[in-house]
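In what follows, every heavy atom counts, from backbone to side chain, and hydrogens, waters and symmetry copies are set aside. The shown structure was predicted, so the numbers you read here are calculated from the model rather than taken from an experiment. Below, chains carry the letters A, B, ... as their sequence lines are ordered, and counting in each starts from 1.
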Protein chains: 2
Amino acid sequence: MKTFWLSWVRVAAVASMAVSWTAPGFAQEPLPSWNDTAPKRAIVAFVERVTNQVSPDFVPPAERIATFDNDGTLWAEQPIYFQLVFALDRVKALAPEHPEWKDKEPFTSLLKGDLKGALAGGEPAIFQIMTVTHSGMTTDQFEKIVSDWVATARHPKSGKLYTEMVYQPMLELLAYLRANGFKTFIVSGGGIDFMRVFAERIYGIPPEQVIGSSGKLNFELRDGKPRLMKLPELDFNDDKVGKPVAIQTHIGRHPIAAFGNSDGDLQMLEWARQGAGVRFALIVHHTDAEREWAYDRKSPVGQLDKALDVAQVEGWTIVDMKNDWKRIFPFEGK
Amino acid sequence: MKTFWLSWVRVAAVASMAVSWTAPGFAQEPLPSWNDTAPKRAIVAFVERVTNQVSPDFVPPAERIATFDNDGTLWAEQPIYFQLVFALDRVKALAPEHPEWKDKEPFTSLLKGDLKGALAGGEPAIFQIMTVTHSGMTTDQFEKIVSDWVATARHPKSGKLYTEMVYQPMLELLAYLRANGFKTFIVSGGGIDFMRVFAERIYGIPPEQVIGSSGKLNFELRDGKPRLMKLPELDFNDDKVGKPVAIQTHIGRHPIAAFGNSDGDLQMLEWARQGAGVRFALIVHHTDAEREWAYDRKSPVGQLDKALDVAQVEGWTIVDMKNDWKRIFPFEGK
């Protein structure tokens, strides 16, 4: 199954090279996993307007910047954020080297298998777990650890690799935008070093177009060889008001389209909508309890409350996963 | 004159689209403003090795990352860094709104035309000058201010626009690397928001590939419209050990080639040289007092001392501007 959608991405990439920058689309219908409902029509209409050279809304390819949240927008985020699962798995793997964790929360609960107890400490507990699992090694070592984890860890509900829990319609959307001259970026609250390990392979987004939260780094020479150590200190929190700041720092221009699913994406969507010309903002609303999960205003993971209100008032595009997507995951049969 | 080299860059860009990724070069000889001496030969040999698909040193296009310092590497930096000239000009322009500067160093000296006196306060004085001229406005306002300045301010020695004080051989090198599938980045101690205003036009490097020093930003809504305010606080100093950190943060992979001219670039060059496979490190040595400036170990601007020692010991490529470059600035006759 995995092979199927990976090859789809490759086919789309090759197709994009053959298509001229301003040609509106594929020979076949774009976005095949999207129903022919309002969101798909809005996407296609937007892309056709900004790529039509005789349209007053034409945008040169260099300015066709599109930013995507990751958790809940490109891949799933239930029952808990996948990077947190990674961190919990790492705590277990590292426990033999840390006998002191037996009497130290949140590790004590965690190692007894009591996740709820471990996370009862709230953000400080999560921060402690993230710190011990995401620092104290070089960037190269961390990359290897993540790489090994994504190759083996499996989602508790689907039994699939986490990198298979991506949304087929969003993969098609990424490819469709790129085929139309867009440069696609991830702008996520997730860890920048974490996502970069797999983003190119699963989304076709190279490391330099992946933006996320980060810890401080320290350059040092060890035996005359330079290396970057990951320090136990947050450098940047790429969430909420952090997202427009990160977009300015990493990209240096306004996106003309942005895609998110939670209140953490609100400011990014507002930022993308700012400025002259046609802009596009889309929210993925998780409404499908059967094929995926249904959650929004009260969910501790991927809470969508204020951003849903703003989207409705401002007329942003809202994807109703249950009704607008034919297929959710690549591993589902068509 | 300006028209000439701008059109050269465009021609090179168009040529690069027509050339296949792995074809080693142009129909014409590459790097025409370089003499046929060791640096040019080393560059061409490196590019041919990493782009030759049957070579054991072949590097896929996605990994062909090249990083360039800006001041003294892509454009000149004498008699003082151009961004500092911008800041000094801004102090003069802003003085009427700041009557208190009459009795406050470094502004008092500066407004009397006593640059030496103003800079006698060292780094704190420069920091004060940079702060008042680079914060307290939105990112869009700052972009407009820089844009107006580069369109009018002229270099005291040449009388040219600062954006004309770029090195013709380096423009050719950027285009040659891109024509061979490289992605070119600026990694400079200069201000990221400052350089992005002109980097795409003069170097063909888009904002998202420009990395530099930055101040903190604050996202805010004013009359319901989002904006980013530039705060009077340094966020990141992209110099020395900061350069590999910035490369990891913004690019997320090792450059395979790096280009600099001063001790501020040493760690970037060491970082690029690290790792398996063929790597390339080059230093521009300012040796031409007649056509440009001659300075190195004792210069307060662009000091090249320790990095020159390391380059000699490690066998990095060192450009002797006087002997290796046929032409320095685009406005010189061929």
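Distance check: Trp271(B) CH2 to Arg227(A) CZ gives 10.0 Å after rounding to the nearest 0.5 Å. Of the inter-residue distances, the one linking Phe236(B) atom CZ with Thr249(A) atom OG1 reads 11.0 Å to the nearest 0.5 angstrom. Distance check, rounded to the nearest 0.5 Å: CG of Asp235(A) to CG of Asp235(B) gives 7.5 Å. Distance CG/Leu221(A) to CD/Glu270(B): 5.5 Å, rounded to 0.5 Å.
By number of non-hydrogen pairs under 4.5 angstrom with chain B, the leading residue of Gly252(A), Gly242(A), Pro226(A) is Pro226(A). Your options are Gln267(B), Lys225(B), Lys240(B), and the one with the most heavy-atom pairs under 4.5 Å with chain A is Gln267(B). When each of Lys216(A), Gln209(A), Gln248(A) is checked for heavy-atom pairs under 4.5 Å with chain B, Gln248(A) comes out on top. Note on Arg273(B), Gln274(B), His250(B): by heavy-atom pairs under 4.5 Å with chain A, the leading option is His250(B).
Heavy-atom minimum distance, Phe219(B) versus Val241(A): CD2-CG1, 3.7 Å.
For a residue to count as touching a neighbouring chain, one of its non-hydrogen atoms must lie under 4.5 Å from one of that chain's; by this rule Glu143(B) does not touch chain A. When heavy atoms are compared at a cutoff of 4.5 Å, Asp193(A) approaches chain B solely by way of its side chain, counted from C-beta outward. For Glu220(A), no part sits under 4.5 Å from any heavy atom of chain B, backbone or side chain. With a 4.5 Å cut-off on non-hydrogen atoms, Ile192(B) touches chain A through its side chain but not through its backbone. At a 4.5 Å heavy-atom cutoff, the contact between Leu217(A) and chain B is made by backbone and side-chain atoms alike.
No side-chain heavy atom of His254(B) sits under 4.5 Å from any side-chain heavy atom of Thr139(A).
Applying the side chain to side chain contact (heavy atoms under 4.5 Å, CB included) criterion to Glu208(B), with sequence neighbours excluded, gives Ile65(A), Lys183(A), Phe185(A), Ile251(A), Arg253(A), Pro206(B). Contacts of Asp263(A) classified as side chain to side chain contact (heavy atoms under 4.5 Å, CB included), with partners at least two apart in sequence or in another chain: Gln303(A), Leu304(A), Asp305(A), Lys306(A), Ala307(A).
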